[in-house]
Amino acid sequence: MTRLTGGLIDRSRSLNFTFDGKSYTGHAGDTLASALLANDVRLMGRSFKYHRPRGVVSSGSEEPNALVELRSGAWQEPNTRATVAELFDELEAKSQNKIGSLSFDFLAVNDLLSPFFAAGFYYKTFMWPRAFWEKLYEPAIRRAAGLGSLTHEADPDSYDAGFLHCDLLVIGGGAAGIAAALTAARSGARVILADEDFRLGGRLLAESNPLEQPATDWIAGVEAEFASLPNLRVMRRTTVWGAFDHGVFGAVERVSDHLPTPGKRVRQSLWRITAKRAVLAAGATERHIPFANNDRPGVMLAGAMRAYANRWAVSPANRVAIFTSNDEGHRTAVDLAAKGVEIIAVVDARTGAKSQGGYRTIAGGHVTDSKGRLGLTSVQVTANGQTEWLDCGALGVAGGWNPNLHLASHHRGRPQWDDAAQAFLAQDGAVPGLTIAGAAAGKGSTAQALASGAQAAQAALGDLGITATLPDLPRGEDAQMNQHALWHVPGKGRAWVDFQNDVTVKDVKLAHQENMVPVEHLKRWTTLGMATDQGKTSNVTALAVMAELTGKSINQTGTTIFRPPYTPVSMGVLGGGDTGVHFRPRRLTPTHEWAKSQGAVFVEVGQWMRAQWYPKPGETHWRQSVDREVLATRKGVGICDVTTLGKVDVQGADAGEFLNRVYANAMGSLKVGMVRYGLMLREDGFAWDDGTCARLSETQYVVTTTTANAGTIYRHMEFCRQCLWPELDVQLISTTDAWAQLSVAGPNARKLLERVVDGFDLSNEAFPFMACAALTICGGLRARIFRISFSGELAYEIAVPARYGNALMARLIEKGADLGATPYGTETLGVLRIEKGHAAGNELNGQTTAQMLGMGRMVSTKKDSIGAVLSRREGMVADRRVLVGLQPVDAADPVVAGSHLFTQGAEQNTATDQGWITSACFSPHIGSAIGLGYLENGAERMGEVITAANPLQGQSVAMRIVSAHFVDPEGGRLRD
Amino acid sequence: MTDLHPICALGATQPQTRRFGPLTLAENSELALASVALRRDAASPDLPQPVPGEWQAAGDIAAFWTGPDQWMVEGPGLAATDFAAQIAARAPGCSVTEQTDGFVAFEITSTTGPGPIRALLEKLVNVDAHRFTAGHATRTGFHHMSVFVIRRADDRLALIGMRSAAGTIWHALTDAAEQLEVMA
């Protein structure tokens, strides 16, 4: 086939591309589909289930058949519709879903076995043996019945996201959309016009004479005006794919899909458009008419055939027949004939239909069969009891039009059948603020589309108090559609309803026979309307067939509704570019740069990157580093960045009362200059979070939370302040990031700190355990110091403005060289606290009570606090499990967190379960692994040997019950 | 004067600056911040008190609204000082908290007027860029974080976020600005 005359392709620009390795040439302005047709390629894919040869059916985003893999390597993208893939130089496309070549697909054997593969086949077969499903049946079925393949390589493209706001969003850039945008933009309103195509115009580009003047001239004039209007944004290659709450629409702009390489550009942008009003002008999709073997390459929609001829100057064949139930088929015949294509016949289902040109018209006829293994060669026509075969390379089918009302369904609006329009129409208000115009509203003539678009915009802006004047619009063609229902041609052969999912009229009948009658059942039973095209060319036809079978009207039969996305959206763009290390925010501690310079190993702790340990030369295993850090801290002094603990500044006259209510223990009575450990309960009485409260003045506290709960607890406190007790005079603000906080722990901690403080008395008398103070260090830097210990050693936490944290860390290590100053990471932090028996996240896992933690008495009875009452519930109080230490009888045995505890020799089941190990580590101090755990009546069982069972790894370890305080149980060190 | 040497939120001793076409993005390491909240019966402080959604400069300081009876006060160039103490002196009976190092501030300037600032805003935050004119400030989501955005002037925008996430914020800002430059 050579190109036809005319068209909107740029013949001066030739583009080379390949399809299944063979080279072809197209032109700028082509889609892959039009370029393939221009090169006489009708066979573009294989069908989903039967592997039937398939060609392009449509010319737009509704395409069910012509799905290809574009590009190669990591850039390979499966399931791309050839009809919307803009041709570019060196484009590489491959067919998919085949074994062998596209023209000889071994899996085409499925078609011979089709009697076995009817709807519901999978549901009824492969049920036994059950274990075969996952390993054998499913992979085999997926291999045979599928679409494109994934590369399993990371997506090399980048994506981004953005936010737009407007008075009016116009969805669709055809006649109605352009008229709407023009009307609105001239009023001064802020308007966005989004169109999925790369060229504005919609069907105006596909028809021969839609306007009194050449349509492209009018569009060019409008586009020039659009470019001059700062209040209008025209977004080409942008698909509005979802209508969400509050006037928010999701849109994807294909920024560089049409380029050979994106360069530095993103591939696609995800836009969230907040629109006060929207006009849906998405046009309509033509229906086909199922008849026996109607799926051969060359059988396509008549309107698509016109689009290929008029816009892309190509016909799928030199000899073309048309099968129509309305005047649209004749329109195609006239347009193609005018371009020199031989029209074999127009088969019009209407009796008495007249020819509208110099071609043969077969009135009252049906196409009843077709031939051609890899492409159409002839069609069988039956009319008035006579049957004949007509040789043709393509058949255009015109069964009427279905309005593209998908977005109007996104708030669950159910379209209603309209007898006059013979189509489903969206109901008013289906999406608040969204009005529908043009063919999407069943107003399909060009004149109707132009007028309704302009009126919809005017009305929508009127709602906003913006006056818009209807523009002078060109006179458009105004042929009335007169849709005539012909849902399928009865017959014995398989007649496809849904090309993409290989659903035939017989399958619909089978669904009816098996009582899968409701449309939702029909859809799921047959898989109709699923996959990439979401039934754009099949849904209505299928349920009309079902209506016919049940004897109900289409309205009574009803329809399924549509969900976002309107067309497929890549997962990459939904992420909006947040991938890899940028998948989520990454927070660095104030000493990060220093830690990095020391070769620290980092670990993700929520969003934070924390130093896990600091390996030294010669250390080949992390345990060597951690053991060294632990011993160095207990012997000399260790320094750890603990900035990540949440900090909340609590101020106001009622700050103490506020904290009394959120903490289980009393905070109001805390003396100024002192710190108290605090336990917070949830409303249900379980332990939630622990931390410290430091009282800096009568009206100011600094509260710390665990790292994990920093955000949650701050939010909870704000909720309490604003909603529970607005009468309290209290103000909160997070200061987590503001202060770099370093833990300085070990017998030499005081000596080290004395070398940096500006004359501050750190003696035990002047600054005892649990004291706090504001001071200056290193020559006048404001700082805060808290004498608190998480390790059981003499310890302090010192805080400075975050920008000085890095320098302070370096300074402490430098000044403490002779004192054994050693930086330590989170791993050592964990060992130190387990050795001391301090609870952390593993112990505060939401299942534990204050009593289990050995802190039952901390829940004050002298005041009320959140969770206090419920913590005294019978079931809670009766829990006998308490925190204990566990030490393996054989020091070489492991201790595994998560192991469950049983009396030695007892049967091991849930009834005999006595608790579990919460935390475990190797303790260089003890010289073996140790653990903490909750154990029934643990306090009374010191010295008993029990069994820690880890059935997942077949372990059973004899453990001795000991105090949870492996280090300094009397607490003398931290008070020295 | 302390002998400890501070570093900027992005980790270097000097603040980072990058230019993309008409836009310059700069880490503002010298911006001091202090939060001010009115206590019950406190006298009105001697500070700008902009209404919700607004930012207001007054003399050597500026402030933006952060909540009912709450503001964040900015002290350009005052990060090395005890800014919270200075603000507390002007707001007796108020709750004042040092916030300077709680945040990282990025100043964005355009050499060609408001257009590039608006285009960048559209890529950054869900704020109507056309209505977010000079003097507006808001707290909003930004790449799964919470940030303050301030339109200091037609051609100037500031984005203030968690100091610890400075690298993430900077990456997102420069990516967006670079994309605008590439697409220009």
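Labels below follow one simple rule: chain letters A, B, ... track the order of the sequence lines, proteins then strands, and each chain is numbered from 1.
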- Message: Which one wins on heavy-atom pair count under 4.5 Å against chain A: B/S95, B/A165, B/G102, B/A176?
- Response: B/S95
- Task: Could you tell me whether the side chain of A/T736 reaches within less than 4.5 Å of the side chain of B/M162, counting heavy atoms only?
- Result: no
- Message: If I measure from the heavy atoms of chain B, does A/L588 come under 4.5 Å with its side chain, its backbone, both, or neither?
- Response: both
- Message: A side-chain contact here means heavy atoms from C-beta on lying under 4.5 Å apart; do B/T97 and A/Q731 qualify?
- Response: no
- Note on the structure: Only residue of A/Q607, A/R586, A/R587 satisfying side-chain hydrogen bond (donor to acceptor under 3.5 Å, both in side chains) with B/S164 is A/R587
- For the candidates B/N126, B/L121, B/V127, B/T168, which exhibits the highest count of non-hydrogen atom pairs separated by less than 4.5 Å from chain A? B/N126
- Item | B/A79: partners by side chain to side chain contact (heavy atoms under 4.5 Å, CB included), with sequence neighbours left out | A/R803, B/E30, B/T100
- Quick check: does any side chain N or O of A/D737 sit under 3.5 Å from a backbone N or O of B/R163, one acting as donor and the other as acceptor? yes
- Atom of A/W271, atom of B/E122 and distance for their closest heavy-atom approach: CZ3-O, 4.0 Å
- Which bit of A/L696 is near chain B, if near means a heavy-atom gap under 4.5 Å: side chain, backbone, both or neither? neither
- Note on the structure: Given A/A802, A/P230, A/G162, A/S158, the one with more heavy-atom pairs under 4.5 angstrom with chain B than any other is A/A802
- Query: Among pairs that include at least one residue of residues 153-178 of chain B, which meet ring-ring contact (aromatic ring centres under 6.0 Å, His included), considering only residues two or more places apart or in two chains?
  - Reply: A/H582-B/H171, B/F106-B/W170
- Query: Is it the case that more than 12 heavy atoms not belonging to A/R811 sit under 6.0 Å from its CZ atom?
  - Reply: yes
- Examine whether an atom of B/L33 lies under 4.5 Å from a heavy atom of chain A, and if so say whether it belongs to the side chain, the backbone or both; otherwise answer neither. neither
- Task: Please name the pair of heavy atoms, one in A/S269 and one in B/K123, separated by the smallest distance, quoted to 0.1 Å.
- Result: OG-NZ, 3.2 Å
- Polar side-chain atom of B/T2 near backbone of A/G779 as donor-acceptor pair, under 3.5 Å: no
- Message: Counting heavy-atom pairs closer than 4.5 Å to chain A, which one of B/Q179, B/E178, B/M145 comes out on top?
- Response: B/Q179
- B/L4 and its side chain to side chain contact (heavy atoms under 4.5 Å, CB included) partner, picked from A/N806, A/V756, A/L808: A/L808
- Would you sort out whether A/H165 and B/H130 count as a side chain to side chain contact (heavy atoms under 4.5 Å, CB included), showing the intermediate values? CA-CA 8 Å; A/H165 296 73; B/H130 287 260; over 6 Å; no
- About how many Å separate CG of B/D82 and OG1 of A/T776, when rounded to the nearest 0.5 Å? 11.5 Å
- Decide, yes or no, whether a salt bridge links B/D128 with A/R190 under the criterion of side-chain N to carboxylate O below 4.0 Å. yes
- Please walk me through it: do B/D101 and A/W739 pass side chain to side chain contact (heavy atoms under 4.5 Å, CB included)? CA-CA 7 Å; B/D101 283 353; A/W739 297 86; over 6 Å; no
- Query: Contact part of B/V104 toward chain A, heavy-atom cut-off under 4.5 Å: side chain, backbone, both or neither?
  - Reply: neither
- Heavy-atom side-chain contact between B/I7 and A/H592 under 4.5 Å: no
- Taking a cut-off of under 4.5 angstrom between non-hydrogen atoms, the residues of residues 644-652 of chain A near chain B are A/D649, A/Q651, A/G652
- With a 4.5 Å cut-off on heavy-atom pairs, point out which of B/H5, B/Q70, B/Q99 contacts chain A the most. B/Q99
- For chain B, which of A/T643, A/T699, A/V800 has the most heavy-atom pairs under 4.5 Å? A/T699
- Across all chains, not counting sequence neighbours, the side chain to side chain contact (heavy atoms under 4.5 Å, CB included) partners of A/L464 are A/D167, A/K276, A/R277, A/L461, A/I466
- Message: Heavy-atom cut-off 4.5 Å, strictly under: side chain, backbone, both or neither for B/I169 against chain A?
- Response: neither
- Report the option among A/A740, A/G263, A/A161, A/G780 that has the most heavy-atom pairs separated by less than 4.5 Å from atoms of chain B. A/A161
- Message: Check this for me: B/Q14, atom CD, are more than 12 non-hydrogen atoms of other residues, nucleotides or ligands nearer than 6.0 Å?
- Response: no
- Query: Quick one: does A/R782's side chain get under 4.5 Å of B/E98's, heavy atoms only?
  - Reply: yes
- Item | Under 3.5 Å: donor-acceptor pair, side chain of B/R40, backbone of A/A653 | no
- Query: Relative to chain B, which segment of A/V255 carries a heavy atom at a distance below 4.5 Å: side chain, backbone, both, or neither?
  - Reply: side chain
